[in-house]
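This report refers to the structure that appears directly beneath it.
In what follows, chains are A, B, ... by sequence order, proteins preceding strands, each numbered from 1.
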There are 2 protein chains.
Amino acid sequence: MAKLKIDGNTEEKILLAARKVFLSKGLAGARMQDIADEVGMNKALLHYYFRTKDKLFETIFKETTRQFIPRLTTIFQSDLPLFEKIEAFCSEYIDKIIENPFIPLFILNEINKQPYSFLQKMWGGKKPEISKFFEQLKTEQTKGSIRPVEPLQVLMNMMSMCAFPFVAKPLWKFVAGVTDEQFLELMKTRKKEVPMFIIQSLKK
Amino acid sequence: MAKLKIDGNTEEKILLAARKVFLSKGLAGARMQDIADEVGMNKALLHYYFRTKDKLFETIFKETTRQFIPRLTTIFQSDLPLFEKIEAFCSEYIDKIIENPFIPLFILNEINKQPYSFLQKMWGGKKPEISKFFEQLKTEQTKGSIRPVEPLQVLMNMMSMCAFPFVAKPLWKFVAGVTDEQFLELMKTRKKEVPMFIIQSLKK
DNA sequence: GTCTATATTCCGATAGAC
DNA sequence: GTCTATCGGAATATAGAC
């Protein structure tokens with residue numbers, strides 16, 4: 001009978017624990033011991049499976065970004081009309097972050113620390129494609145149906161408004177006294193609010 | 001004659017170097033040796049002046065946030081009319097970050113890692129005030145001059161669009177091939193673009 | 001106050017028993 | 001594969017000369 005382990009084997013358990021620890025503490029802040037504790041086993045095991053901390057981290061980082069980003073570029077390259085595309089992107093992006101609130105800050109930290117070559121290697125020389133979205137924006141502008149804006153500015157605005165509220169969550173908590181429940185509600189509201197906001201601002 | 005040192009004394013030199021290193025590498029990533037190298041003196045000195053790495057870091061963190069945030073709340077509590085206030089905030093906020101591009105990620109990391117009590121202590125029990133800005137938004141809404149939006153959502157949008165592009169800079173570099181010079185130009189443009197964007201979206 | 005030298009602690013990694 | 005024990009280097013911190 002073929003090996004078909006339903007429960008996670010050790011390697012998977014390690015990955016799960018490593019993911020949790022690296023996401024909250026980052027590469028420099030995380031300790032192999034922390035991960036071992038999280039798995040409920042000892043450090044030597046981690047080295048047995050992944051040789052070094054850096055290799056383990058790289059595995060996690062790849063897995064995390066590869067899971068997080070491509071789905072979004074798929075939306076950008078889809079055939080949806082512009083406004084629907086904006087709505088789909090924001091809604092899905094925010095949903096993903098609600099599920100994994102630590103991912104944005106994790107990725108931001110690492111892309112700011114790792115050398116550029118690391119990013120390139122990670123994507124096998126290819127970069128996430130968004131050209132179709134940009135084309136659509138330009139097309140609508142020449143048609144005159146939206147006002148002229150640099151497409152990159154629109155992308156920045158959209159991603160900013162989706163991701164930043166999560167990484168700055170303690171700030172809202174602090175200055176506006178928002179509770180965890182209230183925050184979640186706010187973010188759910190934003191799934192509709194942000195696209196409206198963007199679309200509204202594109203009107204002439 | 002009273003001691004009136006024009007040039008930075010040693011303590012100030014250390015603070016300057018520590019600030020630079022901590023801002024770019026974070027607490028966990030920074031080495032006391034890095035800071036010593038930056039000062040051009042040796043590690044023992046750092047301990048002589050600040051005893052521990054943690055204490056040195058805390059000094060930097062306090063100094064940084066205390067310098068960065070209050071000016072912004074001053075704008076929120078000022079007597080400027082709503083739209084002008086939005087323009088003033090964005091322009092000044094973006095300018096500040098252009099001067100110190102590492103500050104946002106630095107602060108985001110620490111407010112996400114430090115316990116809530118730390119933040120409270122840091123602000124002496126008081127929190128940055130923004131109530132006047134919120135009041136103005138509500139007033140304009142009841143007057144019917146802007147469409148109804150949750151004030152916190154507007155604040156989130158505004159801060160997101162000002163700060164996020166900087167923390168995600170490597171991303172724009174990577175997916176859109178933006179150079180440093182182009183990026184700076186984009187950000188300068190945003191000093192006008194973002195407020196326009198916000199105001200446009202508030203119109204009915 | 002500033003330095004060199006050294007102590008101490010921590011942490012990643014390996015050796016070797018089972 | 002998993003464990004205990006330990007090595008070796010790196011980083012924080014201190015001692016003590018000048």
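With sequence neighbours excluded, no residue forms a ring-ring contact (aromatic ring centres under 6.0 Å, His included) with Phe164(B).
Remark: side-chain polar atoms of Glu92(B) are not paired, donor with acceptor, to backbone N or O of Leu72(B) under 3.5 angstrom. Using a distance-only test at 3.5 Å, with no hydrogens or angles considered, no donor-acceptor pair links the side chain of Lys191(A) to the main chain of Cys90(A).
Using a 4.0 Å cut-off between a side-chain N of Lys or Arg and a carboxylate O of Asp or Glu, Glu58(B) and Lys62(B) qualify as a salt bridge.
Taking only side-chain nitrogens and oxygens, His47(B) comes nearer than 4.0 Å to OP1 or OP2 of dA13(D). Contact annotation: Arg51(B) reaches the phosphate of dT14(D) (side-chain N/O to OP1 or OP2, under 4.0 Å).
The shortest distance between side-chain heavy atoms of Tyr93(B) and Phe68(B) falls below 4.5 Å. Taking 4.5 Å as the limit, every side-chain heavy atom of Phe134(B) sits out of range of all side-chain heavy atoms of Phe76(B).
The nearest pair of heavy atoms linking Val178(B) to Phe183(B) is CG1-N, 3.5 Å. Of all the heavy atoms in Val194(B) and Met161(B), the pair that sits closest is CG1-CB, 3.9 Å.
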Using a cut-off of under 3.5 Å, enumerate the N/O to N/O pairs linking the protein to nucleotides 1-5 of chain C.
residue	atom	partner	partner atom	Å
dT2(C)	OP1	Thr10(B)	OG1	2.8
dT2(C)	OP2	Thr10(B)	OG1	3.2
dT2(C)	OP2	Tyr49(B)	OH	2.8
dC3(C)	OP2	Asn42(B)	ND2	3.3
dC3(C)	O5'	Asn42(B)	ND2	3.0

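Listed in residue order, the members of residues 31-39 of chain B having a heavy atom less than 4.0 Å from DNA chain D are Arg31(B), Met32(B).
In this structure, Ala30(A) reaches the sugar-phosphate backbone alone: every heavy-atom distance under 4.0 Å involves primed, P, OP1 or OP2 atoms, never a base.
Note: CZ (Phe22(B)) to C1' (dA11(D)) measures 13 Å, nearest angstrom. Rounded to an integer number of Å, the gap from NZ of Lys53(B) to P of dT14(D) is 15 Å. Rounded to an integer number of Å, the gap from Phe50(B) CZ to dT14(D) C1' is 18 Å.
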